[in-house]
Amino acid sequence: TATTPILAASELSVRYGKVEALHGVSLEVCRGQIVSVIGPNGAGKSTLLNAVMGALPPAGLAVGHIRYGGEDIAALPIEKRVARGMCLVPEKRELFASMTVEDNLVLGAYRRKRAGDRNFLDQLDTVLELFPRLAERRKQAAATLSGGERQMLALGRALMGKPDLLMLDEPSLGLAPLIVKEIFHIISALRRTGVAILLIEQNARAALQISDYGYVLETGEVALSGNADALAHNPRVVETYLGLA
Ligand code: ATP
């Protein structure tokens with residue numbers, strides 16, 4: 001049903017040696033929802049996404065449950081999670097700088113191609129429609145793109161894989177306000193495709209504006225959670241995260 005979460009993490013803890021970066025975090029995301037995790041630098045936001053994806057650095061040790069599509073995937077390696085439709089767009093966008101925009105997009109469909117999906121390029125037109133700037137620049141090397149266009153390309157490449165769960169680590173980082181607005185507008189529009197989106201952001205105001213639900217992560221624990229509207233009006237959230245933004 002629509003209310004069954006596609007992702008449900010419970011009592012998730014992560015440590016890097018003696019440092020515990022995440023402590024007993026529980027979180028849910030449903031299909032067609034945008035769920036954001038806000039919180040200060042070092043709160044454990046990236047660690048949370050990496051743990052869900054199975055992409056922690058070797059020093060990172062995760063314990064707890066991660067249910068995805070009804071299955072506990074906590075022990076699965078990253079490639080099996082990718083094969084099940086999970087996709088993480090990391091903060092460092094990891095594009096192939098010397099390759100063209102179009103070739104970067106095509107690479108995003110590589111897993112589908114290898115899995116024998118004959119229609120592996122069926123998202124290309126959709127992505128180019130969603131990002132007209134990429135369409136205009138499809139034959140240009142990725143290295144020639146602006147910061148905002150690179151973020152668009154990273155998002156577009158992720159969409160080529162037709163993910164069921166899209167996890168975005170700070171998509172607005174380092175971008176000019178106008179571009180941030182554009183990126184958030186596009187993320188918001190993705191909801192209609194039915195994909196579930198887990199968004200990590202320091203830009204709390206913009207994130208809550210497009211989200212259905214939100215979590216505030218502080219020193220590795222969920223300090224607050226609730227409907228995005230309610231969170232955006234919560235006096236503590238306003239004072240700590242929205243006051244000066
Ligand atoms: P930021 O947005 O600044 O990256 P964050 O909320 O994403 O912050 P994390 O990057 O997840 O936070 O870091 C959480 C804590 O874990 C921090 O104290 C950080 O120093 C520590 N940490 C993160 N990665 C490692 C690592 N590879 N080895 C050791 N400690 C780490």
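All ligand and atom numbering here is 1-based and tracks the order in the structure.
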Query raised in the report: Does ligand 1 have any atom that is closer than 4.0 Å to a heavy atom of G220?
Result: no
**Report entry** G42 touching ligand 1 at heavy-atom level, < 4.0 angstrom
**Finding:** yes
Donor-acceptor check, side chain of [X] to backbone of [Y], threshold 3.5 angstrom: yes or no?
| X | Y | result |
| --- | --- | --- |
| R15 | L61 | no |
| R150 | A143 | yes |
| Q33 | V35 | no |
| R31 | T4 | no |
| K162 | Q123 | no |
| Y68 | R84 | yes |
| R111 | G161 | yes |

Requested in this report: Output yes when a protein non-hydrogen atom is found under 4.0 Å of atom 19 (C) of ligand 1, and no otherwise.
Outcome: no
Query raised in the report: Would a search of protein heavy atoms around atom 22 (N) of ligand 1 find one under 4.0 Å away?
Result: yes
Under 3.5 Å between some N or O of ligand 1 and some N or O of [X]?
| X | answer |
| --- | --- |
| V19 | no |
| G44 | yes |
| T47 | yes |

Query raised in the report: Any side-chain heavy-atom pair from R191 and I197 closer than 4.5 angstrom?
Result: no
Query - Sole candidate of K181, Q202, E201 that passes side-chain hydrogen bond (donor to acceptor under 3.5 Å, both in side chains) when paired with S172 - result: E201
Report summary line: Here the atoms of ligand 1 under 4.0 Å from any heavy atom belonging to P40 are 6 (O)
Query raised in the report: Any idea which atoms of ligand 1 are less than 4.0 Å away from a heavy-atom of E170?
Result: 2 (O)
Starting from [atom], find the nearest protein heavy-atom neighbour and note its residue, name and distance.
| atom | answer |
| --- | --- |
| atom 16 (O) of ligand 1 | A21 CB, 3.3 Å |
| atom 5 (P) of ligand 1 | K45 N, 3.4 Å |
| atom 31 (C) of ligand 1 | Y16 CD1, 3.2 Å |
| atom 4 (O) of ligand 1 | S46 OG, 3.6 Å |

Query - Residues K80, E71: salt bridge by 4.0 Å N-O rule - result: no
Query raised in the report: Where on P57 is there a heavy atom closer than 4.0 Å to ligand 1, on the side chain, on the backbone, on both, or on neither?
Result: side chain
Query raised in the report: To which of N41, L217, I38, V37 does the heavy atom nearest atom 3 (O) of ligand 1 belong?
Result: N41
